[in-house]
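The basis for the numbers below is simple: all heavy atoms, side chains too, and nothing from hydrogens, waters or symmetry mates. Remember, it's 1-based here, ligands and their atoms both numbered in the order they're listed.
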Amino acid sequence: MARRKKIYEGKAKILYAGPEPGTIVQYFKDDATANNAEKKAIVEGKGVLNNRLSEFFMRGLSNVGIPNHLVRRLNMREQLVREAEMIPLEVIVRNFAAGSIVKRLGLEEGSKLPRPVIEFCLKNDELGDPLVTEDHVINFGWAAPPDLEDMVSMALRVNDFLSGVMYGVGIKLVDFKLEFGRVWEDDYPFLIVADEISPDCCRFRDVKTERKLDKDVFREDLGSLSEAYSEVARRLGIIAAAAPATKHSKLKLVR
Ligand code: TMP
């Protein structure tokens with residue numbers, strides 16, 4: 001492959017300059033991290049699965065009219081995406097209590113929230129991505145009031161879409177994290193869903209057994225992360241039902 005300019009390397013992805021202005025190649029690594037990278041491992045096949053899963057979810061968003069960064073998948077580990085000015089926030093949507101909200105508010109793990117709860121965290125590894133209020137967001141200029149409104153309404157639309165898709169394959173969407181970027185068309189700015197949507201940044205539970213099918217498997221040492229992600233991909237029809245669960249070198253991908 002021709003040499004490309006690396007723009008940024010994160011914990012799970014590398015960004016390269018794309019073939020045309022305004023595009024970026026997003027490469028999915030096999031690295032898994034948890035607790036702000038205190039825990040690290042290489043999970044063979046994770047990057048391939050997340051590339052396919054994020055493509056699947058972003059395409060689904062496009063189909064229901066939610067703008068997002070996906071242009072097209074390029075190969076097993078890479079996708080071409082729109083370059084965007086990233087909003088330095090993580091937007092978290094919660095349907096059931098899990099993770100940090102359980103500790104913070106003393107909620108019962110797994111309890112249904114009265115309605116989807118939206119939280120904002122500042123993207124800052126040194127500070128551990130702290131929870132921030134909407135007033136912080138506006139006062140410190142991380143996003144303007146109309147951007148906040150757009151992020152909330154788009155996040156709720158993504159929640160409806162994603163909850164429905166996952167419920168259809170017997171999986172409960174507990175919570176997830178989105179990132180947004182700003183793009184310009186004809187001198188008008190608008191926000192798009194960017195980064196990724198994958199089991200790295202969602203909590204998925206089997207509807208019947210409550211089995212964890214997301215990065216909590218790694219966070220809590222519950223077994224094979226690649227098997228959990230493969231299960232999600234199998235149910236969504238992204239990998240063949242008969243594909244071996246653990247031999248990712250032989251993952252049978254379907255269109
Ligand atoms: P939390 O319970 O740890 O706050 O996480 C809520 C959801 O957001 C969960 O699905 C994991 C996801 N998330 C990320 O993807 N990246 C992050 O940095 C954080 C804090 C959460």
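- Residue contact check: Ala98 has heavy atoms under 4.0 Å from atoms 2 (O) of ligand 1.
- In the hydrophobic cluster analysis, where Ile, Leu, Val, Met, Phe, Trp and Tyr join through side-chain heavy atoms closer than 4.5 angstrom, Val81 is grouped apart from Ile87.
- The aromatic rings of Tyr16 and Tyr27 stand perpendicular to each other, their planes meeting at an angle above 60°, with 30° marking the opposite boundary.
- Counting the atoms of ligand 1 from 1 in the order shown, those under 4.0 Å from a heavy atom of Asp129 are 18 (O).
- Ring geometry for Phe140 versus Trp142: interplanar angle of 30 to 60°, hence tilted.
- In this structure, CG in Leu173 is found 6.0 Å from SG in Cys202, a value given to the nearest 0.5 Å.
- No side-chain N or O of Asn36 forms a donor-acceptor pair with one of Asp129 less than 3.5 Å apart.
- Remark: Phe28 CZ to Ile14 CD1 distance equals 11.5 Å, nearest 0.5 Å.
- Contacts of Lys215 with ligand 1, taken as heavy-atom pairs under 4.0 Å, are absent altogether.
- Of all the atoms in ligand 1, the ones that sit under 4.0 Å from a non-hydrogen atom of Cys201 are 10 (O), 12 (C), 15 (O).
- For atom 7 (C) of ligand 1, the closest non-hydrogen atom of the protein is Asp175 OD1, 3.5 Å.
- The proximity of Cys121 to ligand 1, defined as any non-hydrogen pair under 4.0 Å, does not occur for either the backbone or the side chain.
- Close contacts of ligand 1 with Gly99, meaning ligand atoms under 4.0 Å from a residue heavy atom, involve 2 (O).
- Ligand 1 is approached by Arg94 to a heavy-atom distance shorter than 4.0 Å.
- What sits closest to atom 13 (N) of ligand 1 on the protein, heavy atoms only, is Lys177 CB, 3.7 Å.
- Near Glu90, meaning under 4.0 Å from one of its heavy atoms, ligand 1 places the atoms 16 (N), 17 (C), 18 (O), 19 (C), 20 (C).
- At the shortest separation from atom 1 (P) of ligand 1 among protein heavy atoms lies Ser100 OG, 3.4 Å.
- Counting protein heavy atoms only, atom 21 (C) of ligand 1 is closest to Ile92 CD1, 4.1 Å.
- Interface atoms of ligand 1 facing Arg219, defined by a heavy-atom separation under 4.0 Å, are 11 (C).
- At a threshold of 4.0 Å, the pair Lys29-Glu196 does not count as salt-bridged, since none of the basic side-chain nitrogens sits closer than that to a carboxylate oxygen.
- With contacts defined as side-chain heavy-atom distances shorter than 4.5 Å, the pair Phe180/Asp150 does not qualify.
- Among all protein heavy atoms, the one lying closest to atom 6 (C) of ligand 1 is Arg203 NH1, 3.6 Å.
- We find that Asp216 and Arg219 are joined by a salt bridge, their nearest charged nitrogen and carboxylate oxygen being less than 4.0 Å apart.
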